[in-house]
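Predicted model only: the values in this text are computed from it and were never measured.
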Amino acid sequence: MKYLTYYENDEIISTKDYKEAVAKLRMKNRKDTVQKYILHKYAFSFCLPDVEDSSQYYLCKKKSDSLQVYLEKKSVQGNLVCKQREEISEQEGEQILRGEIQWMKEDERTLVRDFYLQSTLNELRYSHMMEFVREVYHYDKQDYVVFDKAVRRQVDQYFLECLFEDDVKVSVRRAKTIPRYILNILANIEPVTEQWVYA
């Protein structure tokens, strides 16, 4: 399982400001450190009225040159974001969306078992899908600037635009490092790799 924590600040800017910001980022970083992809996030919500959990669960599909599929558990406190992620296969993702989750009960991956437990005990159910057309630029050390040029929410067979035509959502993400001794206490936690930082 991958674990990631970072501070995040969001803002909506114009397309003109987005182009200026990208030009400055490219000047600062001569390396080609940009990632462009489409991210589908399938959100799951708790159906029981008595369940209050600050964590959000997602099935994510990140599409660029290849396809990455993973489960994500996200907790937000103020502007501090904590994420746990577990890579799964495309077939496993399709099974989850169909509600076929019995196989998750005995899985060796911690987050997969947690998802099963929340689904069976607290009625965690699929809610909606969000689509992001995303660009990510490396800013400094482990800090990143994320631009969402389009954000859409699927309702039945239709997509609703969540940004105005000339708007771009920008997020600045500054890494928050967890001390090594805490990581050693947590079971099955692996150091984060760059492919997990972006989504």
Side-chain angles (χ1 to χ4, degrees), residues 1-43 54-87 111 128-154 159-180 182-183 189-199:
M1 179 167 57
K2 305 290 192 298
Y3 195 89
L4 177 67
T5 57
Y6 56 87
Y7 293 105
E8 181 175 56
N9 291 302
D10 300 330
E11 192 175 332
I12 304 296
I13 62 174
S14 67
T15 302
K16 179 184 175 184
D17 290 339
Y18 152 75
K19 290 178 180 177
E20 290 176 1
V22 165
K24 289 178 183 176
L25 286 167
R26 288 189 183 276
M27 292 258 316
K28 178 176 173 53
N29 274 309
R30 301 279 176 193
K31 301 176 189 174
D32 187 18
T33 55
V34 62
Q35 275 202 3
K36 299 180 181 182
Y37 56 88
I38 294 175
L39 178 66
H40 287 170
K41 293 189 83 163
Y42 298 83
S54 61
S55 299
Q56 300 164 312
Y57 289 81
Y58 300 96
L59 169 67
C60 301
K61 295 183 179 182
K62 181 179 170 184
K63 302 175 182 179
S64 53
D65 295 334
S66 59
L67 176 66
Q68 291 178 340
V69 182
Y70 53 92
L71 284 177
E72 178 180 275
K73 181 179 181 180
K74 178 180 177 181
S75 302
V76 181
Q77 293 184 348
N79 65 343
L80 179 64
V81 178
C82 301
K83 288 183 179 178
Q84 297 174 41
R85 294 188 179 168
E86 194 71 73
E87 196 164 357
L111 186 55
H128 63 278
M129 191 269 278
M130 299 289 292
E131 180 184 77
F132 302 85
V133 178
R134 182 163 287 182
E135 287 183 13
V136 181
Y137 291 82
H138 181 238
Y139 177 66
D140 184 37
K141 295 181 181 177
Q142 295 184 48
D143 300 339
Y144 295 84
V145 180
V146 179
F147 296 102
D148 288 322
K149 297 194 290 184
V151 180
R152 302 181 183 96
R153 179 177 174 140
Q154 186 176 25
F159 282 91
L160 299 177
E161 297 289 343
C162 299
L163 292 174
F164 289 117
E165 188 175 337
D166 192 44
D167 286 349
V168 176
K169 180 183 174 189
V170 59
S171 303
V172 178
R173 297 180 177 179
R174 299 189 181 278
K176 168 68 175 164
T177 306
I178 300 175
R180 174 56 56 188
I182 293 179
L183 282 177
I189 299 292
E190 299 175 24
V192 69
T193 57
E194 279 202 2
Q195 67 167 330
W196 295 103
V197 173
Y198 298 108

Could you walk me through whether K149 and Y18 pass side-chain contact (heavy atoms from CB on, under 4.5 Å), step by step? CA-CA 9 Å; K149 297 194 290 184; Y18 152 75; 3.4 Å; yes
Could you pull out all residues at least two apart from [X] that satisfy side chain to side chain contact (heavy atoms under 4.5 Å, CB included)?
X: D166; result: S14, T15
X: D167; result: I12, L163, F164
X: E11; result: I13, V170
X: V76; result: K74, V81

If you define the side chain from C-beta out and look only at heavy atoms, does anything of [X] sit under 4.5 Å from [Y]?
X: C162; Y: M130; result: yes
X: V145; Y: V136; result: no
X: L39; Y: Y58; result: no

Got a donor-acceptor contact below 3.5 angstrom from the D143 side chain to the A175 backbone? yes
Using atom types as modelled and distance alone, determine if a side-chain donor or acceptor of T5 lies under 3.5 Å from a backbone N or O of K176. yes
Where [X] and [Y] come nearest, the two heavy atoms and their spacing:
X: F147; Y: V22; value: CE1-CG2, 4.0 Å
X: Q154; Y: H128; value: O-CB, 4.3 Å
X: L111; Y: K73; value: CD1-CB, 3.8 Å

Quick check for you: to the nearest 0.5 Å, what is the distance between [X] atom [atom1] and [Y] atom [atom2]?
X: L67; Y: K61; atom1: CG; atom2: NZ; answer: 7.0 Å
X: Y70; Y: E87; atom1: OH; atom2: CD; answer: 10.0 Å
X: K2; Y: Q84; atom1: NZ; atom2: CD; answer: 12.5 Å
X: C60; Y: Q68; atom1: SG; atom2: CD; answer: 10.5 Å
X: H138; Y: L25; atom1: NE2; atom2: CG; answer: 11.0 Å
X: H40; Y: L59; atom1: NE2; atom2: CG; answer: 11.5 Å

Report the residues that fulfil side-chain hydrogen bond (donor to acceptor under 3.5 Å, both in side chains) with E161, sequence neighbours left out, ordered by chain and then residue number. R152
Partner set under ring pair (Phe, Tyr, Trp, His ring centres under 6.0 Å) for F132, not counting sequence neighbours: none
Test E8 against every option in R173, K83, K169 by the salt bridge (charged side-chain N to carboxylate O under 4.0 Å, His left out) rule and name the one that passes. R173
Q35 and Y37: side chain donor to acceptor below 3.5 Å: no
